[in-house]
*Asks:* 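First, the structure itself, so that you have it in front of you.
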Amino acid sequence: MPSTKNPFPGMNPFLESSWPAVHTALISFIWEEISPRLPEDLLSRPEERLEIDEAPPHTWRADVAVTEPWQEDRASGWQGAPTGNGVAVAEPQIVHLREETERWIEIRTVDGRLVTVIEVLSPANKDAGRARYKSKQDDYLATDVNLVEIDLLRGGAFVLAVPEEQVRRPAGTCYLISVRRA
């Protein structure tokens with residue numbers, strides 16, 4: 001197995017092989033950095049949406065999510081246990097999720113109006129889920145919302161909210177950030 005130690009200055013090209021963990025960390029780091037710098041009338045928060053593979057698909061925002069790479073459709077050793085009042089606890093529902101969870105950062109006014117969305121692009125945004133991402137992007141652009149897109153992926157299609165032919169890329173440029181004002 002080749003080493004994933006970064007032999008290059010700058011961004012590590014091996015990060016894409018463990019993108020879900022990297023993506024989650026980037027969202028957290030960005031949120032922690034921008035939150036204290038916002039004016040008092042703005043709040044930021046990381047957001048997440050899960051999509052359950054059903055027909056038709058349903059999307060939810062989880063209050064709590066516990067994940068485990070179970071090999072079977074039942075939790076290993078699960079048994080409903082009686083609670084103190086004699087009521088049995090139900091067996092957990094095993095939900096198979098798509099490979100990636102959508103994550104982004106929202107900046108809102110204190111009264112809840114969405115001001116800015118920060119998207120750190122994922123491989124799904126640039127490949128299989130490109131049409132879905134472009135639809136979400138179009139929804140943002142049709143409103144009075146600023147859109148910041150951070151593309152740290154070398155592969156996949158161009159999906160930023162600016163025409164690709166207007167983007168100047170110096171030789172060797174692999175990563176892009178687009179800021180689109182409302």
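Note that the numbering runs from 1 along the sequence shown for the chain.
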*Asks:* Any heavy-atom pair between the side chains of D41 and T109 that's under 4.5 Å?
*Replies:* no
*Asks:* For residues T143 and D139, determine if any side-chain heavy atom of one lies less than 4.5 Å from a side-chain heavy atom of the other.
*Replies:* no
*Asks:* If you draw a 6.0 Å radius around CG in D144, do more than 12 non-hydrogen atoms from other residues or ligands fall strictly inside?
*Replies:* no
*Asks:* Please check if atom CZ in F158 has more than 12 non-hydrogen atoms from other residues, nucleotides or ligands closer than 6.0 Å.
*Replies:* yes
*Asks:* Considering only heavy atoms from C-beta outward, does the side chain of K134 approach that of R130 to under 4.5 Å?
*Replies:*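 Yes, at least one pair of side-chain atoms sits under 4.5 Å.
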*Asks:* Minimum heavy-atom separation for P123 and L153, please, with both atom names.
*Replies:*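 It is N-CD1, 3.3 Å.
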*Asks:* Consider side-chain contact (heavy atoms from CB on, under 4.5 Å). Of I118, T116, I30, I34, which one does S44 pass it with?
*Replies:*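 Result for side-chain contact (heavy atoms from CB on, under 4.5 Å) with S44: I34.
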*Asks:* Of the non-hydrogen atoms in E33 and R37, which two are nearest, and what is the gap between them?
*Replies:*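 Taking E33 first and R37 second, the nearest heavy atoms are O-NH1, 2.6 Å.
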*Asks:* For residues I150 and V159: do they belong to one hydrophobic cluster (side chain heavy atoms under 4.5 Å, members Ile, Leu, Val, Met, Phe, Trp, Tyr)?
*Replies:*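 Not linked; separate clusters.
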*Asks:* What's the shortest heavy-atom distance between R169 and L176, and which atoms?
*Replies:*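 So the two residues come closest at NH2-CD1, 3.1 Å.
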*Asks:* Would you say V162 ends up clustered with V117 if hydrophobic residues are merged whenever their side chains have heavy atoms under 4.5 Å apart, either directly or through other cluster members?
*Replies:* no
*Asks:* When you group the ILVMFWY residues by side-chain heavy-atom contacts below 4.5 Å and let the links chain together, are L121 and Y140 in the same group?
*Replies:* no
*Asks:* Does G155 offer a backbone N or O that forms a donor-acceptor pair with the side chain of K126 under 3.5 Å?
*Replies:* yes
*Asks:* For the CD atom on E40, are there more than 12 heavy atoms of other groups (residues, nucleotides or ligands in this structure) within a distance under 6.0 Å?
*Replies:* no
*Asks:* Is a side-chain donor or acceptor of N146 paired with a backbone partner of R181 at a separation under 3.5 angstrom?
*Replies:* no
*Asks:* Could you tell me which non-hydrogen atom of G156 sits nearest to which non-hydrogen atom of D127, and how far apart they are?
*Replies:*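 Closest approach of G156 to D127, heavy atoms only: CA-OD1, 3.4 Å.
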*Asks:* When you measure from the side chain of H23 to the backbone of S122, do you find a donor-acceptor pair of N or O atoms at a distance under 3.5 Å?
*Replies:*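 Flag not set: sc H23 to bb S122 has no pair under 3.5 Å.
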*Asks:* Under a 4.0 Å threshold between the charged nitrogen and the carboxylate oxygen, would R180 count as salt-bridged to E149?
*Replies:* no
*Asks:* Please report the shortest heavy-atom distance between L160 and S178, naming the atom on each side.
*Replies:*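 Reported closest heavy-atom pair: CD1-CB, 4.0 Å.
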*Asks:* Could you measure the distance from the CG atom of D138 to the OH atom of Y133? Nearest 0.5 Å is fine.
*Replies:* 10.0 Å
*Asks:* With the 4.5 Å side-chain cut-off for hydrophobic clustering, are L43 and L38 part of the same group?
*Replies:* no
*Asks:* Check this for me: does any side-chain nitrogen of one of E119 and R103 sit under 4.0 Å from a carboxylate oxygen of the other?
*Replies:* no
*Asks:* For W19 and L26, run side chain to side chain contact (heavy atoms under 4.5 Å, CB included): C-alpha distance rounded to whole Å, both residues' side-chain angles, the deciding distance at 0.1 Å, then the answer.
*Replies:* CA-CA 10 Å; W19 189 253; L26 284 171; 3.9 Å; yes
*Asks:* To the nearest 0.5 Å, what is the distance between CD (Q137) and CG (L147)?
*Replies:*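 One gets 6.0 Å once the value is rounded to the nearest 0.5 Å.
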*Asks:* Under 3.5 Å, is there a donor-acceptor pair between the W104 and E102 side chains?
*Replies:* no
*Asks:* Test of understanding: clusters of I, L, V, M, F, W, Y form through side-chain heavy atoms closer than 4.5 Å, transitively. Do L42 and W31 belong to the same one?
*Replies:*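 Looking at the clustering, W31 is in the same group as L42.
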